[in-house]
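One structure is given here, and the rest of the page talks about it.
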Amino acid sequence: MFTHKTFSAIAGLLLATSLSATYGQEPARYGFGTPVTQEELTKYFSIPADGRGLPAGSGKAADGAKIYADSCAVCHGEKLEGNPAKGIGGDKLIGGRGSLATKTPVKTVESYWPYSTTLFDYVKRAMPFNAPGSLSDNDVYAVVAYILSEAKIIKPTDVMDAKTLPKVAMPNRDGFVPDPRPELDLYH
Amino acid sequence: MKRRENVFYNEKAQRLAEEMILAEKRHIAERRSEAEGCDCKEGMFPRGNTTNRRRFIFAAGSLAGAFASAAYAQDKKAPPGAVHFDVPADPTKEQGRAVAADGGYGSRSQFETEVRWRFPTANEYTSWSMTPLDKMLGNLTPSGLHFERHHGGIPTIDPSKHTLIVHGMVGTAKKYTMADLKRFPSVTRKYFIECSGNGLTEWNKPTLKTVQGTHGLLSTSEWTGVQFSTIAREVGLKDGSAWVLAEGADAAVMTRSIPMEKMLKDALIVYGQNGEAIRPEQGYPLRLVLPGYEGNTHIKWLRRLEVSDKPFMTREETSKYTDLLASGKARQFSFDMEAKSVITFPSGEMKLPGAGFYNIQGFAWSGRGRVQSVDVSVDGGKNWYPARLESTPEPICTVRFSYPWMWDGKAAILQSRCTDETGYVQPTLKQLVAIRGSNGPYGSIYHLNAIQSWAVSETGDVSNVHA
């Protein structure tokens with residue numbers, strides 16, 4: 001394909017042969033943009049399974065229960081059973097363990113999610129759906145602890161923080177396989 | 001759990017299935033009333049030649065989501081994206097409209113009524129709308145009809161305040177304004193984008209009736225922007241960098257992890273779509289385009305790229321966009337959109353007026369390269385004949401195909417089958433289900449690229465079938 005880079009390479013050759021210095025010059029770096037300070041980056045986060053980037057703070061299920069009732073239950077149900085009503089459509093958050101290989105799989109945080117860190121990351125970034133990013137880090141830890149405790153993945157007394165959360169063993173941790181496609185059977 | 005024939009639905013899935021059938025029905029009814037008072041052949045979804053006031057009032061009431069634009073609310077006589085003008089008895093006998101009286105930006109004709117319709121998820125802020133593929137008059141999708149999928153609504157972003165931060169395992173973390181990005185060398189390329197959930201209703205039984213419903217999460221645009229490789233050279237990549245997290249500036253703060261290999265191969269950071277700035281629904285002012293990857297990864301309203309040694313296991317690459325198999329295991333990072341095709345004419349809910357000649361038409365595409373060839377069958381896959389490609393196939397771009405068909409008036413089953421340049425042949429649904437299983441109401445949900453069947457009855461009615 002005739003890309004900009006091949007174009008530059010050809011232009012470079014032309015330069016060498018014609019000694020014209022006015023055409024096709026490309027600097028090693030354009031130098032656009034401005035360097036970003038560490039401080040500017042503090043408002044961003046994305047937390048992989050090892051918990052890198054988890055903030056300070058902590059929470060436990062008892063506190064989370066209250067936050068859940070105030071900020072989540074209207075859309076996800078009093079018992080975390082989900083609320084499919086029009087205008088709401090909050091997912092069911094617990095249950096469904098052991099259902100994935102059946103005709104009626106139920107995918108929830110409890111039955112399907114491989115990593116507890118994903119729950120922290122997602123709730124902090126996108127929930128409550130109508131006021132995303134409004135919870136403090138302590139509140140996120142607490143509500144995550146509540147969901148995991150209701151799912152019987154952790155004990156109600158367990159404290160969730162940057163150290164303990166990544167160690168939570170999710171039931172479907174080994175439930176994922178890499179994409180094996182392309183499938184050779186589907187070739188000519 | 002309710003049981004529906006041999007398909008199991010939980011309460012949520014059952015409700016969704018019923019809702020979407022209803023929504024599609026309303027859309028079909030609207031099109032039918034559009035055809036009324038038109039002397040074109042019945043039911044072939046003719047383009048109406050009169051503006052029908054009643055129709056638009058009906059549509060406004062029934063398809064509130066799709067039609068809820070302020071402009072439309074003010075002027076009930078013109079469809080979305082159009083302005084109403086009185087029609088003169090003879091346009092050659094009176095002056096037309098003054099040049100540039102539209103303020104300098106044109107709109108479509110008031111007689112063109114095609115719209116995307118929204119899939120009736122319970123929550124209209126996390127939902128999707130479908131492109132009317134059967135009404136496309138070319139290969140590119142008009143920007144205003146490009147399908148949508150948002151997880152937290154469409155944000156309004158001032159481009160003068162928008163920046164892209166590139167950081168993580170890089171030499172120098174950098175922040176780019178839109179003006180900075182536009183100074184870099186750019187490329188312009190045509191690519192399709194397809195949501196991997198396209199056709200999710202069709203795994204276990206034919207559910208939606210029209211091609212807009214079964215295949216409408218597919219659109220093609222010409223995209224303009226900067227190659228990620230250009231930016232990577234600028235910031236430098238540290239040893240061991242293997243993944244890039246892309247993050248959007250919407251209420252979902254959408255995130256996906258993308259393999260570095262892909263990012264360096266052909267990822268684009270685009271600001272242009274079909275010759276103008278990308279539409280708000282498509283990520284204005286900036287989006288990622290990952291040719292051939294599932295739509296969800298083409299992060300819109302792109303604000304941040306974080307280079308990493310590992311994927312981030314975001315919600316959209318664990319809870320969603322993973323493909324559950326019969327074994328209960330799920331495929332993760334199943335990015336490629338495999339070769340696929342569909343006949344758009346004739347397609348579901350159309351009616352052929354009688355035996356005779358029909359130019360079968362459709363689209364074919366592959367996320368792994370160019371379309372090599374398309375075959376058409378009119379007997380449910382027993383015999384295949386080569387279709388005509390209507391333009392030179394480009395990599396990871398749709399191509400229109402056609403096949404001249406003399407219909408003898410007997411029942412027929414129309415299918416198309418795409419082969420891409422890698423030699424991959426679009427599978428039958430049976431082949432796909434044998435590999436993936438069909439647990440749950442929507443099977444493995446994502447990546448349904450099976451051959452589509454449309455049955456033509458002796459009366460000329462066209463319907464969605466599994467054959």
Side-chain angles (χ1 to χ4, degrees), chain A residues 3-5 26 29-37 40-41 44 46-50 82-92 99-107 109 112-115 117-119 121-122 125-126 129 132-133 174-183 185-188, chain B residues 1 8 10-12 15 121-126 151-152 165 167 172-176 180 183-185 187 233-234 245 247 251-253 255 304 306 308 310-315 318-319 322 324 326-336 338 368 419 422-425 427 431 435 439-440:
Chain A
T3 64
H4 200 94
K5 278 169 190 154
E26 201 164 24
R29 297 281 179 278
Y30 298 99
F32 308 147
T34 42
V36 188
T37 62
E40 274 179 282
L41 290 173
Y44 302 104
S46 33
I47 297 150
D50 64 8
N83 181 354
K86 246 205 175 71
I88 301 233
D91 298 277
K92 178 178 170 70
S99 70
L100 297 179
T102 70
K103 271 279 160 203
T104 52
V106 178
K107 296 186 206 165
V109 172
Y112 197 59
W113 289 37
Y115 304 104
T117 45
T118 308
L119 185 57
D121 179 281
Y122 183 68
R125 93 176 34 250
F129 191 74
D174 299 323
F176 294 83
V177 295
D179 183 8
R181 299 176 307 157
E183 278 123 353
D185 287 354
L186 301 180
Y187 280 74
H188 257 322
Chain B
M1 303 279 170
F8 293 92
N10 61 27
E11 202 191 322
K12 190 176 169 192
R15 193 181 306 227
T121 53
N123 193 312
E124 60 192 336
Y125 299 94
T126 173
H151 289 259
I165 288 182
H167 70 119
T172 323
K174 280 263 181 123
K175 185 168 76 178
Y176 298 104
D180 291 335
R183 288 183 71 190
F184 284 111
V187 297
R233 192 182 74 152
E234 284 292 294
L245 180 98
E247 182 179 84
V253 205
T255 45
R304 190 166 73 93
E306 180 174 349
S308 165
K310 46 172 119 44
F312 289 79
M313 302 298 176
T314 74
R315 183 249 189 176
T318 53
S319 170
T322 47
L324 187 63
S327 64
K329 300 274 184 214
R331 289 180 178 177
Q332 197 184 16
F333 300 121
S334 49
F335 294 120
D336 287 348
E338 298 189 296
R368 295 217 185 91
T419 301
T422 72
Y424 175 96
V425 185
Q431 282 177 297
I435 296 170
N439 291 1

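Bear in mind that the values here come from a model prediction, so they are computed numbers and not experimental data. Sequence lines set the chain letters: A, B, ... in the order given, protein chains first and strands last, and positions in each chain run from 1. Hydrogens, waters and symmetry mates play no part in the numbers below; they use all other heavy atoms, side chains included.
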Flag the pair Arg125(A) / Glu247(B) as yes when at least one side-chain heavy-atom distance between them is below 4.5 Å, and no otherwise.
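Contact flag for Arg125(A)/Glu247(B) side chains = yes.
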Between Ser46(A) and Glu306(B): side-chain donor-acceptor atoms closer than 3.5 Å
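Result is yes, a qualifying pair exists.
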Can you see whether Trp113(A) engages Thr318(B) through a side-chain donor-acceptor pair at a distance of less than 3.5 angstrom?
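No, no side-chain donor-acceptor pair sits under 3.5 Å.
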Less than 4.5 Å to any heavy atom of chain A: does that hold for the side chain of [X], its backbone, both, or neither?
{"X": "Phe333(B)", "value": "backbone"}
{"X": "Ser319(B)", "value": "both"}
{"X": "Ala330(B)", "value": "both"}
{"X": "Lys310(B)", "value": "side chain"}
{"X": "Arg315(B)", "value": "both"}

Most contacts with chain B, counted as non-hydrogen pairs under 4.5 angstrom, among Asp174(A), Asp185(A), Thr102(A), Thr117(A):
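Among the listed options, the one with the most contacts to chain B is Thr102(A).
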With chain B as the partner, which of Gly175(A), Pro178(A), Ala126(A) has the greatest number of non-hydrogen pairs under 4.5 Å?
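So the answer, after comparing Gly175(A), Pro178(A), Ala126(A), is Gly175(A).
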For the residue pair Tyr30(A) and Phe184(B), categorise the inter-ring angle as parallel (less than 30°), tilted (30 to 60°) or perpendicular (more than 60°).
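Taking Phe184(B) first and then Tyr30(A), their aromatic rings stand perpendicular (interplane angle over 60°).
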Please walk me through it: do Phe129(A) and Asn123(B) pass side chain to side chain contact (heavy atoms under 4.5 Å, CB included)?
CA-CA 10 Å; Phe129(A) 191 74; Asn123(B) 193 312; 3.4 Å; yes
Most heavy-atom pairs under 4.5 angstrom with chain A, which of Thr322(B), Thr314(B), Thr419(B)?
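Among Thr322(B), Thr314(B), Thr419(B), the one with the most close pairs to chain A is Thr322(B).
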Determine whether a donor-acceptor pair (N or O, by modelled atom type, separation under 3.5 Å) exists between the side chain of [X] and the backbone of [Y].
{"X": "Lys174(B)", "Y": "Phe32(A)", "result": "yes"}
{"X": "Glu234(B)", "Y": "Gly31(A)", "result": "yes"}
{"X": "Asn439(B)", "Y": "Leu100(A)", "result": "yes"}
{"X": "Arg181(A)", "Y": "Asp336(B)", "result": "yes"}
{"X": "Lys329(B)", "Y": "Ala101(A)", "result": "no"}

From Asp50(A) atom CG to Met313(B) atom CE, the distance as rounded to the nearest 0.5 Å:
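If we round to the nearest 0.5 Å, Asp50(A):CG and Met313(B):CE are 10.5 Å apart.
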Interatomic distance, Ile435(B) atom CD1 to Glu183(A) atom CD [nearest 0.5 angstrom]:
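One finds 4.0 Å between CD1 of Ile435(B) and CD of Glu183(A).
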Work out which heavy atom in Ala85(A) is nearest to a heavy atom in Ala122(B); give both atom names and the distance.
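Minimum heavy-atom separation between Ala85(A) and Ala122(B): O-CB, 3.4 Å.
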Over all atoms of both residues, closest heavy-atom pair of Tyr187(A) and Thr422(B)
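In this case the closest contact between Tyr187(A) and Thr422(B) is CE2-O, 3.2 Å.
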Using non-hydrogen atoms only, which part of [X] is less than 4.5 Å away from chain B: side chain, backbone, both, or neither?
{"X": "Leu186(A)", "answer": "both"}
{"X": "Asn83(A)", "answer": "neither"}
{"X": "Pro35(A)", "answer": "both"}
{"X": "Tyr122(A)", "answer": "side chain"}
{"X": "Leu119(A)", "answer": "neither"}

Let me see the working for Val36(A) and His167(B) under side chain to side chain contact (heavy atoms under 4.5 Å, CB included), right down to the final yes or no.
CA-CA 8 Å; Val36(A) 188; His167(B) 70 119; 5.8 Å; no
